[in-house]
Every structure is written in C-alpha cells, then in structure tokens.
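What follows is a single structure, written as structure tokens, with notes after it.
Side chains included, hydrogens not; waters and symmetry mates left out as well; all remaining heavy atoms used.
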Number of protein chains: 2
Amino acid sequence: MSDPGLACCTPLSGTAMSTEQAEQVAPLLKALADPVRLRLLSLIASSTTGEACVCDLNDAFDLTQATISHHLKVLHSVGLLDREKRGVWVYYAVRPEALTAVAGLFQTASLTPA
Amino acid sequence: MSDPGLACCTPLSGTAMSTEQAEQVAPLLKALADPVRLRLLSLIASSTTGEACVCDLNDAFDLTQATISHHLKVLHSVGLLDREKRGVWVYYAVRPEALTAVAGLFQTASLTPA
DNA sequence: ACCTGACATCGACGCTTGTCAATACGATGC
DNA sequence: GCATCGTATTGACAAGCGTCGATGTCAGGT
C-alpha cells in the first residue's frame, strides 16, 4: 500500500476501462475525495518550496493534530505525497507523477465535442 | 443536490484552494472514487453514441440491478451524467463539462517539471 | 537524566457508503 | 384489465470513514 503502480494514463473515454484499471485508480480518487485532503494537497502544491511542514499544515485547519496526521498518511499511502523527516519536523511534498497520472484520466475524456 | 455549480477550474497548485472550493469539488471526486462508478462512466463515455442504456450497463457487472441504479443515481446527482428516458429504457450520457471541470483540477498541477 | 515539543498511533465513537432482497412505479403488449 | 418488462426506491445490514482524546515515540534543549 506504499508503492502503488500509480495508475498510469487510463483513458475513461476511448476504450472502456477494465475492472482492474478501475480498482487501481479508485483508491487514488478516494484519497482525493475529501475536502480536508484536497486543501492539504493544494497547500503543499502551492507552496514555493513544493513542500510543507506538518506544523504549518496543522494551523491551517480547525482539526486535531491527530486528524491531520491521519489525512497526510492517507495521501502518502496512495503515493500522492512524499514524506521526509528533517530534524524534529516532517515535510510532505507532492509527487507530480501521481497528479499527472490522475490528470491523464480526464484529459482524454474531454475530446468529446459535445 | 441535482444542479451543482460543477466546480469550475480549480487550481490545486498555483494558489492554495479555499475551503469552499474544496467542499465543492470533493463530492465530485467522491462520486468518481468507486471502481464500479468509474467503469460505468467509462462504459458510457466510450460508447459510440456517447450514451448507454441501463439494460446494457447492468449486464457488464456482477451486481444487482438495484446497485447499478444506485451508482448511476450518484453519478447523475453530482452532474456527471445526463439522464433521458426514451420509451421503456433509460439512457445515461456523460456531461463533458463535468469531466473537464475535474480535469482542470489536475491540469494546472502538472506543470511541475519533476 | 529529565522535560518539552513535533508527529504518529491506538481505540472508540457516530456517520456514511456499498450492497442486497423486496417492493413500487410506469410503459408496453396481450 | 392484466401480466410483463425495465428501472427506481425502500429498508436493512455490514463495512468503511472522519474525527477525537489519550498515549506512544523520537529528537533537542536544559
């Protein structure tokens, strides 16, 4: 659960998705399908250094430190975030490959000319 | 719950996401975060006519008709699918705007050159 | 050695979700 | 009118999820 294949380039339209593909991508989307995790990812992605310390992330929410830690773990476990411990602090960084993998799902889908 | 604003063009990276934005997009992703619904959407999107009859969709799964109907309702309620009754049959079609809205979330995020 | 601060883990709690069997609804055909 | 077929809805159940308080762990500072 820590090194997923990252669901590369699934079409959605074009040809139909296989059951295995769907079961591979769904956990990624499930990890993204929470407002708190979306904001966490966004906060980290929009940071100038591309990473963020947990201490800073905690302050951005009205939630317990345990809850934030849990959400970060979820994002990390599906491969969306990298985790690095530096001294006392822990820094999370977005894995661009993971995001582009998800993007691939919808990009090819938008070529249906209505 | 039947006419959502469809979460247009949220950035993810760039500038951080607002709480309201996150709470608007999350339901869309939550609707997509299920293997059955992913395949349903894919089957409909990859159809030549761009739509699919429920009767055909039922046959593609080892699930009860009630369950498929439920999943289609979820996808419809968040604005991902259009519903049209023709005679005895019901046809579902993908709403391209909804997919592009979701795509917008990740497209801007992929400009990090790794 | 001790305390303190940063983060993770555990156990528990309510709420939501996916699934089914059963039933209801509406259109078609006899 | 009645039986039938396609689809939606209901009610129930187990499983999963988000949240919290409490506790554990590990690194620095005194």
Side-chain angles (χ1 to χ4, degrees), chain A residues 1-2 19 22-44 47 51-78 80-93, chain B residues 1-2 4 17 19 22-44 47 51-78 80-93:
Chain A
M1 215 190 265
S2 49
T19 309
E23 282 169 353
Q24 230 183 354
V25 185
L28 256 174
L29 292 171
K30 195 169 278 187
L32 288 166
D34 181 280
V36 175
R37 289 198 286 267
L38 269 180
R39 280 191 63 212
L40 277 171
L41 204 70
S42 166
L43 280 170
I44 299 172
S47 150
E51 59 182 13
C53 173
V54 177
C55 53
D56 294 334
L57 295 172
N58 271 326
D59 299 347
F61 297 85
D62 272 343
L63 294 171
T64 311
Q65 174 261 325
T67 300
I68 299 297
S69 186
H70 162 69
H71 284 306
L72 288 170
K73 183 183 183 178
V74 172
L75 289 171
H76 175 63
S77 69
V78 297
L80 281 165
L81 288 183
D82 259 339
R83 199 183 101 97
E84 189 186 352
K85 185 162 189 175
R86 279 208 290 276
V88 195
W89 297 280
V90 174
Y91 289 81
Y92 282 93
Chain B
M1 211 188 270
S2 49
M17 202 174 200
T19 307
E23 282 169 351
Q24 230 184 352
V25 183
L28 256 175
L29 292 171
K30 194 168 281 188
L32 289 166
D34 181 279
V36 175
R37 289 197 287 267
L38 270 180
R39 281 190 62 212
L40 276 172
L41 206 69
S42 166
L43 280 172
I44 299 173
S47 150
E51 60 183 11
C53 173
V54 178
C55 51
D56 295 334
L57 295 174
N58 271 326
D59 299 347
F61 297 86
D62 271 343
L63 294 171
T64 311
Q65 174 262 326
T67 301
I68 299 298
S69 186
H70 162 67
H71 284 306
L72 288 170
K73 183 182 183 178
V74 171
L75 289 170
H76 175 63
S77 70
V78 297
L80 281 165
L81 289 183
D82 259 340
R83 200 182 102 97
E84 188 186 352
K85 186 162 189 174
R86 279 209 290 274
V88 194
W89 296 281
V90 174
Y91 289 81
Y92 282 92

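Comparing B/G87 and A/W89 by the nucleotide of DNA chain C that holds the closest heavy atom to each, the one mapping nearer the 5' end is A/W89. Nucleotides of DNA chain D nearest to A/A66 and B/Y92 differ in position, and the one nearer the 5' end is that of B/Y92. If you find the closest nucleotide of DNA chain D to A/K85 and to A/K30, the one lying nearer the 5' end belongs to A/K30.
One atom, NZ of B/K73, and another, C1' of C/dT16, lie 15 Å apart when rounded to the nearest Å. Atom CG in B/L32 sits roughly 12 Å away from atom P in C/dG18 (whole-Å rounding). Put simply, CG on B/L38 is 16 Å from P on C/dT17, counting in whole angstrom units. Rounded to an integer number of Å, the gap from B/R37 CZ to C/dT19 P is 8 Å.
Annotation for B/M17 and A/S42: closest pair N-OG, 2.6 Å, computed over non-hydrogen atoms. Listed here is the closest heavy atom pair of B/I44 and B/Y92: CG2-O, 3.3 Å. Of all heavy-atom pairs between A/A60 and A/L43, the closest is CB-CD1, 3.7 Å. When every heavy atom of A/P27 is checked against every heavy atom of A/V78, the shortest pair comes out as O-CG1, 4.0 Å.
Distances shown here put every side-chain N or O of A/R83 at or beyond 4.0 Å from the OP1 or OP2 atom of C/dC7. For the OP1/OP2 pair of C/dG18 and a distance below 4.0 Å, the side-chain nitrogens and oxygens of B/T67 include no atom meeting the criterion.
Using a 4.0 Å heavy-atom cutoff across all strands shown, A/Y91 reaches no nucleic acid atom at all. B/R86 comes within 4.0 angstrom of no nucleic acid atom, judged by non-hydrogen atoms across all strands.
Distance check, rounded to the nearest 0.5 Å: CD of A/Q24 to CG of B/L38 gives 11.5 Å. In this structure, CG on B/L57 lies 12.0 Å from NE2 on B/H71, to the nearest 0.5 angstrom. For the atom pair CG (B/N58) and OG1 (B/T67), the distance works out to 9.5 Å, reported to the nearest 0.5 Å.
For the segment residues 58-65 of chain B, residues with any heavy atom less than 4.0 angstrom from an atom of DNA chain D are, sorted by number, B/Q65.
Out of C/dT19, C/dG18, C/dC7, the shortest distance to the side chain of B/H71 is found at C/dT19. When each of C/dA27, C/dA8, C/dG18 is scored by its nearest atom to the side-chain atoms of B/V88, the top-ranked nucleotide is C/dA27.
Counting heavy-atom neighbours within 6.0 Å of A/D62 CG, excluding the residue itself, gives a total of 12 or less.
For DNA chain D, the outermost nucleotides in 5' to 3' order that have an atom under 4.0 Å from a heavy atom of chain A are D/dC17 to D/dG28.
Scored by the side chain to side chain contact (heavy atoms under 4.5 Å, CB included) test, B/A66 finds B/T64 as partners (sequence neighbours excluded).
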